[in-house]
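A short worksheet on the structure shown next.
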Amino acid sequence: MSETPPNTLQFRFDGPEDAPVLILGPSLGTTWHMWDRQVPELAEQWRVFRFDLPGHGGAPAHPAGSVADLAERLLATLDGLGVQRFGYAGCALGGAIGAELALRRPDRLASLTLIAASPRFGSADEFRRRGVVVRTNGLDPIARTSPERWFTGGFAAAQPAITEWAVQMVRTTDPGCYIAACEALASFDIRAELGRIGVPTLVLVGSDDEVTGPAEARTLVAGIPDARLAVVPGASHLVPVEQPAAVTDLLVRHFSTAWSQPSFDTTSGRMAVVAPAAHRASTVPPQMAPLAEIAPAPQPEALAGRPDAYDVGIKVRREVLGDAHVDRALSQADEFSGDFQEFVTRYAWGEIWDRPGLDRRSRSCVTLTALVAGGHLEELAFHVRAALRNGLTPVEIKEVLLQAAVYCGVPAANSAFRVAQQVIREETTPHE
């Protein structure tokens with residue numbers, strides 16, 4: 001166990017002190033106990049290092065708003081322990097951390113396993129809406145629906161104790177840290193960078209995973225030069241819990257055979273990781289080979305040639321208003337309205353919304369008030385959603401509208417309350 005400064009993570013070790021270090025990374029809403037069934041066998045060969053995400057499993061609630069931040073905290077923790085080189089296996093958000101390590105610090109990583117992972121986890125809108133639900137209702141709605149996302153129906157019915165354990169794991173997570181982790185997943189997108197992952201990689205997925213399933217796994221395998229795919233039958237998203245023996249066996253074989261060693265670069269005088277050959281003969285057992293033809297990973301559309309303010313603006317606009325709204329606005333632009341969309345993106349979103357003088361919560365308050373004053377109810381609906389994404393609670397939005405009623409007039413505020421009430425109901429009602 002560990003005392004945990006804000007820039008590090010809560011951790012524990014199992015296994016021989018002189019063995020190579022193997023890190024196991026958890027999924028969002030879980031603790032290091034999700035790996036309990038793997039540890040006894042893995043600890044026979046490796047020094048197993050497990051960690052908790054911030055605010056999970058009793059870890060201090062120091063929110064981390066990006067996958068890169070979580071990876072840096074993990075590296076800081078390892079630096080403090082003197083651990084320089086390690087293998088890594090991570091599930092879902094834990095897998096995203098592993099991919100980030102492989103991209104940013106390949107010199108530290110000997111081998112990688114990505115479980116229930118994806119180069120992009122769903123849509124940013126989905127995770128930001130989940131953050132709104134948690135901010136409004138707490139974690140109970142998310143906790144109650146976790147078993148249906150994590151396990152197959154048969155497993156959940158046959159293992160009520162494990163199902164209840166899963167619910168309690170989520171319920172005891174710090175809401176602020178959960179929301180920050182949702183924001184980290186919303187902004188995570190490495191589709192264009194997969195080809196730079198140069199360590200031997202096993203991509204492991206449950207056959208019945210409806211969150212990040214075989215399609216996402218095959219995208220990873222298609223993009224990572226030295227990757228192999230293992231599909232575990234009869235398992236959903238939290239596959240290490242649902243099929244522990246199969247996952248343990250796959251991890252042992254992968255890390256036993258694919259642990260790459262750094263080499264000495266005589267030109268630079270430094271240690272370097274040897275990039276694997278693109279068509280290296282596979283030593284992976286047949287059942288771990290890809291199960292279907294794999295299409296190339298999709299690449300994000302380039303914004304080549306745009307001014308910097310436009311690039312910043314499109315990013316901020318998507319973060320505040322959501323991908324669906326921005327995609328709809330841009331798709332409807334034609335020769336007549338296209339220049340206006342570019343103007344709004346560059347100046348409203350790239351210049352004003354990105355200025356450091358006010359945070360986004362404050363800018364939402366100002367924007368709501370201005371829209372009430374102008375009677376722009378359609379825009380008001382968009383920006384009530386944006387205010388929720390920017391961290392305002394329904395109670396705070398109500399207070400903004402009450403303040404606007406005094407200075408903008410009761411009739412204008414009356415219409416605004418009607419619009420905001422409908423939007424808040426839609427955005428904060430949990431999906432069962």
Side-chain angles (χ1 to χ4, degrees), residues 24-30 34-35 38 67 88-100 102 111-124 126-127 145-156 166 185 188-195 197 199-255 258 282 284-300:
L24 303 179
S27 175
L28 173 62
T30 73
M34 68 164 284
W35 297 102
Q38 280 74 42
V67 173
Y88 186 96
C91 183
L93 176 53
I97 296 170
E100 187 78 18
S111 191
L112 176 66
T113 297
L114 304 176
I115 302 173
S118 176
R120 185 187 187 195
F121 288 81
S123 70
E126 171 191 347
F127 282 103
T145 57
S146 290
E148 64 191 55
R149 292 192 303 274
W150 287 354
F151 306 126
T152 59
F155 179 87
L185 287 171
F188 181 77
D189 187 351
I190 59 167
R191 289 174 295 175
E193 300 178 80
L194 292 177
I197 295 180
V199 296
T201 303
L202 171 65
V203 179
L204 194 158
V205 65
S207 61
D208 300 329
D209 188 347
E210 296 182 0
V211 180
T212 48
E216 286 83 357
R218 292 187 176 100
T219 298
L220 288 169
V221 172
I224 299 172
D226 187 31
R228 298 292 181 270
L229 175 64
V231 179
V232 179
S236 187
H237 190 59
L238 220 59
V239 58
V241 176
E242 191 161 6
Q243 294 290 348
V247 170
T248 303
D249 182 58
L250 289 165
L251 293 179
V252 168
R253 280 188 281 164
H254 175 66
F255 288 110
S282 174
V284 180
Q287 64 266 35
M288 292 171 62
L291 302 186
E293 194 69 25
I294 300 168
Q299 300 296 317

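This one's a predicted model, so the numbers in the text were calculated from it and none came from an experiment.
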Which value, rounded to the nearest 0.5 Å, describes the distance between [X] atom [atom1] and [Y] atom [atom2]?
X    : Y    : atom1 : atom2 : result
L185 : L93  : CG    : CG    : 5.0 Å
T219 : R191 : OG1   : CZ    : 9.5 Å
D209 : I115 : CG    : CD1   : 11.5 Å
E193 : E100 : CD    : CD    : 7.5 Å
C91  : I97  : SG    : CD1   : 11.0 Å
Q243 : D249 : CD    : CG    : 12.0 Å

### Message
Could you walk me through whether F155 and L238 satisfy the side chain to side chain contact (heavy atoms under 4.5 Å, CB included) test, starting with their C-alpha distance in whole Å, then the side-chain angles of each, then the deciding distance to 0.1 Å, before giving a yes or no?
### Response
CA-CA 11 Å; F155 179 87; L238 220 59; over 6 Å; no

Do [X] and [Y] have side chains that approach each other closer than 4.5 Å (heavy atoms only, starting at C-beta)?
X    : Y    : result
R149 : H237 : no
P119 : L220 : yes
T201 : L114 : yes
V199 : Y88  : no

### Query
Have T152 and E242 got a donor and an acceptor in their side chains that come within less than 3.5 Å?
yes

Contact summary for [X] and [Y], nearest pair of heavy atoms:
X    : Y    : answer
A96  : V67  : O-CG1, 3.6 Å
L112 : H254 : O-NE2, 3.0 Å
F151 : A166 : CE1-CB, 3.9 Å
T212 : V205 : O-CG2, 3.5 Å
L250 : L202 : O-CD2, 4.0 Å
P26  : M34  : CA-SD, 3.7 Å

### Whether S118 side chain and E216 backbone form a donor-acceptor pair below 3.5 Å
no

#### Entry: Aromatic ring pairing F188/F121, orientation class (parallel under 30°, perpendicular over 60°, tilted between)
tilted

